[in-house]
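Source: prediction; values computed, not measured. Start at 1 with the first residue, then count along the sequence.
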Amino acid sequence: IIAGPRVGEDVAVIDMGERYMVVKTDPITFATDEIGWYVVNVNANDVACLGARPRWMIATLLLPEGTTDQALVDRIFDQLHTASYAIGVSVVGGHTEITYGLERPIVVGAMFGEVDPERLVRSDGAQPDDALILTKGICVEGTAILAREAADQLCGKVEAPLLARAARFLHDPGISVVRDASIVAAAGEVHAMHDPTEGGIATGIYEMTQAAGVGAIVDGDSLPVYPETRALCEALHLDPLGLIASGALLAAVSAESAVDIVQALKREGIAATVIGRLRETPGVMLRDAHGERPLPTFTRDEIARFFDTL
């Protein structure tokens with residue numbers, strides 16, 4: 001076992017001889033609309049963050065008693081296969097059942113990938129003086145979920161065209177970072193990559209720094225927040241820094257490689273921004289026009305806090 005369970009470690013890495021196998025499991029519990037698309041991409045993202053190619057997937061579908069019909073099952077499987085095909089993954093098995101006590105479907109995915117040992121990117125490999133790069137912006141997944149699952153609460157608080165654009169975030173800019181990670185790994189010296197999910201970009205940065213035993217200075221004025229995200233969060237009184245953030249890749253790269261990596265991403269049509277740097281001093285600080293203060297921490301994701309109020 002090259003990498004096992006620990007804080008900041010989202011996957012397992014197993015030495016298979018000439019290749020390393022990279023294994024990830026994650027459930028989808030919030031989203032019901034396009035749940036099959038979510039489960040493929042969030043699992044593939046974490047495999048790709050180690051420099052590996054996602055290859056095979058199994059999925060367990062837990063479906064609610066009384067409201068499940070053939071159309072629901074067909075829709076979820078269509079989503080699973082469409083999302084997998086888009087990133088070159090084969091669905092090779094799984095399990096489906098009607099589960100007592102559920103109010104909504106739950107899908108648990110397990111993704112398997114492989115990587116040459118010398119190309120493995122360790123999630124605990126971030127180093128002092130590294131540049132922190134963020135692709136796309138925050139929070140792609142959270143924005144899509146809110147627009148799709150909280151449309152009633154948002155009606156009248158945001159304009160209908162903005163809400164429609166936010167609902168399409170699932171596909172454009174999309175929650176996959178498989179391509180982002182491949183470009184970063186090939187374009188320069190990358191020490192760690194992370195797919196910030198539950199707890200948002202703030203929690204993702206804390207996880208990366210804690211895993212490596214380093215600190216960070218984050219430039220708050222450089223953090224790319226989509227206008228749609230800001231509008232939805234303001235309407236629902238949520239903090240985008242703590243909102244589930246799949247779709248953005250967080251990468252710690254050597255300072256000398258930062259410009260080349262950002263340019264390589266932009267050439268491929270992927271927005272990228274240097275949002276800070278790592279340092280030896282422990283702790284994560286947020287620096288913006290208002291001064292410097294600790295980056296906020298979130299005991300739970302902002303989207304979970306919102307759903308608890310419904």
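For the pair Tyr206 (side chain) and Leu295 (backbone), a donor-acceptor distance under 3.5 Å is present. Using modelled atom types, no side-chain atom of Arg148 and backbone atom of Leu170 make a donor-acceptor pair closer than 3.5 Å. Judged by distance alone, with hydrogens and angles left aside, the side-chain atoms of Asp172 form no donor-acceptor pair with the main-chain N or O of Gly174 at under 3.5 Å. In this structure, Thr135 contributes its side chain and Ala248 its backbone to no donor-acceptor pair below 3.5 Å. Counting only distance, with no hydrogens or angles, the side chain of Asp26 and the backbone of Asn43 share no donor-acceptor pair below 3.5 Å. Side chain of Asn45 to backbone of Val177: a donor-acceptor contact under 3.5 angstrom is found. The main-chain N or O of Pro64 is found under 3.5 Å from a side-chain atom of Thr68 such that the two form a donor-acceptor pair.
Using a 4.5 Å heavy-atom cutoff, the side chains of Glu302 and Leu236 are not in contact. Taking the side chain as every heavy atom from C-beta outward, Asp69 and Leu72 approach each other to under 4.5 Å. Contact of the Tyr226 side chain with the Thr143 side chain is not registered, since no non-hydrogen atoms from C-beta on lie closer than 4.5 Å. Within the 4.5 Å cutoff, the side chain of Phe306 has no heavy atoms near those of the Leu243 side chain. Residues Thr229 and Phe169 form a side-chain contact, since some pair of their non-hydrogen atoms from C-beta on lies under 4.5 Å apart. Side-chain contact between Ile275 and Leu250: present, with at least one pair of heavy atoms (C-beta onward) separated by less than 4.5 Å. Side-chain contact between Ser176 and Val40: absent, with no pair of heavy atoms (C-beta onward) separated by less than 4.5 Å. Looking only at side-chain heavy atoms (C-beta outward), Met111 and Val11 stay at 4.5 Å or farther from each other.
Of all non-hydrogen atoms in Ile133 and Ala272, the two that sit nearest each other are CG2-CB, 4.3 Å. Nearest heavy-atom pair, Asp288 versus Gly220, reported as atom, atom and distance to 0.1 Å: CB-CA, 4.2 Å. Nearest heavy-atom pair, Leu278 versus Ala252, reported as atom, atom and distance to 0.1 Å: CD1-CB, 3.9 Å. Scanning all heavy atoms of the two residues, the minimum distance from Ala44 to Pro54 falls at O-CG, 3.7 Å. Closest of all the heavy-atom pairs between Val184 and Ala251 is CG1-CB, 4.2 Å. Between Ala126 and Ala192, the shortest heavy-atom contact is N-CB, 3.7 Å.
Cluster membership check: Leu102 does not share its hydrophobic cluster with Ile98, using side-chain heavy-atom separations under 4.5 Å among Ile, Leu, Val, Met, Phe, Trp and Tyr. Connection of Phe112 to Val108 is not established within any shared hydrophobic cluster, with ILVMFWY side chains joined at heavy-atom distances below 4.5 Å, either directly or through further cluster members. The hydrophobic cluster containing Trp37 also contains Ile145, counting ILVMFWY residues as joined when their side-chain heavy atoms lie under 4.5 angstrom apart, directly or transitively. Clustering ILVMFWY residues whenever any of their side-chain heavy atoms sit less than 4.5 angstrom apart, transitively, puts Ile244 in the very cluster that holds Val39. Residues Leu154 and Val140 share a single hydrophobic cluster, defined by chaining ILVMFWY side chains whose heavy atoms lie under 4.5 Å apart.
Screening residues 214-233 for salt bridge (Lys or Arg N to Asp or Glu O under 4.0 Å) gives Arg165-Glu228 as the qualifying pairs, with residues at least two apart or on separate chains.
Counting heavy-atom neighbours within 6.0 Å of Glu118 CD, excluding the residue itself, gives a total above 12. For Glu292, the CD atom counts as densely surrounded, since its 6.0 Å shell holds more than 12 non-hydrogen atoms of other residues, nucleotides or ligands. Heavy atoms of other residues, nucleotides or ligands lying less than 6.0 angstrom from CZ of Arg119 number 12 at most.
A donor-acceptor pair shorter than 3.5 Å can be found between the side chains of Glu141 and Ser246.
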